[in-house]
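For reference, the structure is listed below as structure tokens.
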Amino acid sequence: MSDILKVENLNYSHRLKKILQDVNLTLESGKIVGLLGENGAGKTTLMRLITGVAHATGDITVAGASRIDERKSHVSYMDHLGAFSLGTHLDRIVKFYQTVYEDFDVDRFNELADFLNIDLSLKLSALSKGNKQKFVIALTLSRQVELYLLDEPFDGIDSMSRKDIINSIIKWKPENATIVISDHYVSEISSLLDEIVVIKDETINCNLDADKIREDKGMDIEDFYESLYERGHDND
Amino acid sequence: MTSFKDFFKILMGQKFRQMNFVLLINIIAIAVSVLWTLINGDFNNNTFFQVALSWSFIVMLWAFLRITVTHESIYTRDSYRLVPISDTKFYCINLLTSFIAMAYVAVVEFVIGAATAAINWQEYVDSFNMMRMMYGTRVPDAGMIVESLLSMALVMMVVTILAWTTVSLIHLLTRAGSNFMPYRRSRIINFVLYVVVIYIVLRVVGFMMNLVMNSTDMFGNSSDVWHFVLYIVGFLVVSAIEAVLSVYLMNRWVETVSES
């Protein structure tokens, strides 16, 4: 396995507030990684920095590429489609993806769309939150890249849709690609994970193998994650 | 990496669709206005041309504002900024597609104007010849009128480019600057920041324009054509400087709007 993501000495402030400090992180290829942390911990920010839509000091390398435009061609990040008006038909958005991303696999997208029951003739405005999230995930996973960043893919959606999304992640994950899933509800994704990265106190608190947590510490991931915050509260 | 052609196709398609909507509304407005004139009993051979001409100014302004809004939002939306393409190409394609979309509206407006003028063309020619007979060389000949129209079109094109590069620079400077403003009372601070940035940029651009005009005046004695060309080149140089600064800001400081 090779390193797919390398983050070194990353520091980021926004509006005079420190969000991330001295972040160092290395991820290998072929893993499903849980990026965990409370609301506002900096999970989304870290993903945005990796994709290059936000800027910080420090070094980020994805699949050996450090230049922002090159990095973008190795990362597929959940785009919340804010650039498209609500009247846009889904097939037009698919066409957009097909045109601007040379790694976009239409066949794979069609399979995913079938699997997730997405009706492409609809307009964006006709989608429920869950269906929009499914559509976004289908778009994100249909690119053939080394690193997928799924930012809170289960946010505000029902349990059936969650199951569909989890199944689609398992089924369509390319063997050598790494998928990073951010969430603050660990129970939903713990069974998926090979590794966890916890952001706490503006930095990476821990980066551990999921099996090691289960075997060495005798805890499931959810309990381990909660224990990090209990310790924090005891210290307070 | 995304090619110039593919990204161009996407942005051009979007702006074309917007401009087609503007032009559709324009045609409906002309039709309704002509119908209204007909109902009021004021219809004559000039009506089509007069109505088309009066709507064309509003349409051009609307098209310019609509493109400007789209042009600027493209810099801060994830859907576009996630595309693997260099910032320089991104900026150039955005500017080029906006320019082509605006030129498209101008050409269609010209065609509508010409078509409506053709209905009563002979009368306009007769009036023009009459004025030539009455006032002689004080009335410019057809060649001079065409030359003036072409020069005006060229100036309009250059001014439009300069307007977009200036608006983009102000927008990107403000977005970059807001990263360093505190969260508290950020709306008031953002407003102050906007005013300060707009003032500074306009002063700097004004200074550069004066510089261009003064330097062209120095060379301008030889011929009016040479003088005119220097002005145009000067404006384009100012636009190019603004574009370089904007690309630098995109590359280092400007973040997209967080949509999650």
Side-chain angles (χ1 to χ4, degrees), chain A residues 12-17 19 43-45 47-57 62 65 67-85 87-88 92-93 95-104 133 136 139-140 143 145 149-153 155-156 182, chain B residues 1-14 17-18 21 69-70 72-91 93 175-187 189-190 193 247-260:
Chain A
Y12 175 77
S13 298
H14 186 69
R15 290 187 176 272
L16 305 181
K17 188 173 180 264
I19 311 285
K43 304 184 293 293
T44 301
T45 301
M47 286 189 168
R48 284 167 53 76
L49 292 169
I50 292 168
T51 58
V53 293
H55 305 283
T57 58
V62 181
R67 240 178 52 197
I68 291 175
D69 53 341
E70 285 176 355
R71 232 158 61 203
K72 284 175 183 171
S73 62
H74 296 287
V75 184
S76 184
Y77 174 64
M78 275 175 68
D79 165 19
H80 291 82
L81 309 176
F84 300 96
S85 71
T88 312
R92 190 180 282 279
I93 298 173
K95 191 86 192 146
F96 172 93
Y97 264 70
Q98 213 180 325
T99 309
V100 298
Y101 296 112
E102 56 184 12
D103 52 32
F104 188 79
Q133 200 78 331
V136 167
L139 288 171
T140 310
R143 284 186 61 199
V145 292
L149 303 176
L150 306 185
D151 187 17
E152 304 201 350
D155 189 29
S182 81
Chain B
M1 298 279 276
T2 306
S3 68
F4 187 98
K5 190 184 110 200
D6 287 338
F7 197 56
F8 178 89
K9 208 160 83 179
I10 284 292
L11 294 194
M12 199 68 259
Q14 190 195 354
R17 278 192 296 279
Q18 286 186 345
F21 177 75
V69 170
T70 307
E72 293 308 314
S73 72
I74 282 169
Y75 291 123
T76 54
R77 285 296 177 184
D78 278 350
S79 304
Y80 297 106
R81 294 299 304 276
L82 284 170
V83 174
I85 192 166
S86 74
D87 290 327
T88 309
K89 266 191 199 170
F90 188 105
Y91 185 92
I93 294 170
R175 283 215 50 99
S178 66
N179 291 342
F180 303 99
M181 295 292 141
Y183 274 103
R184 282 186 178 184
R185 283 174 283 171
S186 61
R187 275 193 182 175
I189 289 171
N190 272 349
L193 185 71
V247 171
Y248 174 78
L249 288 168
M250 282 168 71
N251 197 255
R252 295 293 171 97
W253 303 108
V254 176
E255 298 184 0
T256 58
V257 177
S258 182
E259 294 165 8
S260 54

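Chain naming here is simple, since letters A, B, ... match the order of the sequence lines and numbering starts at 1 in each.
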**Asked** Any donor-acceptor pair under 3.5 Å linking the side chain of Thr2(B) with the backbone of Val100(A)?
**Response** yes
**Request:** Below 4.5 Å from any heavy atom of chain A, which atoms of Ser73(B) appear? Answer side chain, backbone, both or neither.
**Result:** neither
**Message:** Give me the atom names and distance for the closest heavy-atom approach of Asp78(B) to Arg48(A).
**Reply:** OD1-NH1, 3.7 Å
**Region of Tyr12(A) in contact with chain B, defined by heavy-atom distances below 4.5 Å** = side chain
**Request:** Please check if the side chain of His55(A) supplies one atom and the backbone of Val254(B) the other of a donor-acceptor pair under 3.5 Å.
**Result:** yes
**Region of Ser178(B) that comes under 4.5 Å of a non-hydrogen atom in chain A** = both
**Item:** Minimum-distance pair of heavy atoms, taken over all atoms of Ser79(B) and Tyr101(A)
**Value:** O-OH, 4.4 Å
**Prompt:** Is there a donor in the side chain of Ser86(B) and an acceptor in the side chain of Arg67(A), or the other way round, less than 3.5 Å apart?
**Reply:** no
**Request:** Using distance alone, with no hydrogens and no angle criterion, decide if Asp6(B) and Thr99(A) have a side-chain donor and acceptor under 3.5 Å apart.
**Result:** no
**Prompt:** chain A heavy atoms under 4.5 Å from Ile85(B): which part of the residue, side chain, backbone, both or neither?
**Reply:** backbone
**Item:** Any Asp69(A) side-chain heavy atom under 4.5 Å of Asp87(B) side chain
**Value:** no
**Item:** Close side-chain approach of Asn179(B) to His14(A), heavy-atom, < 4.5 Å
**Value:** yes
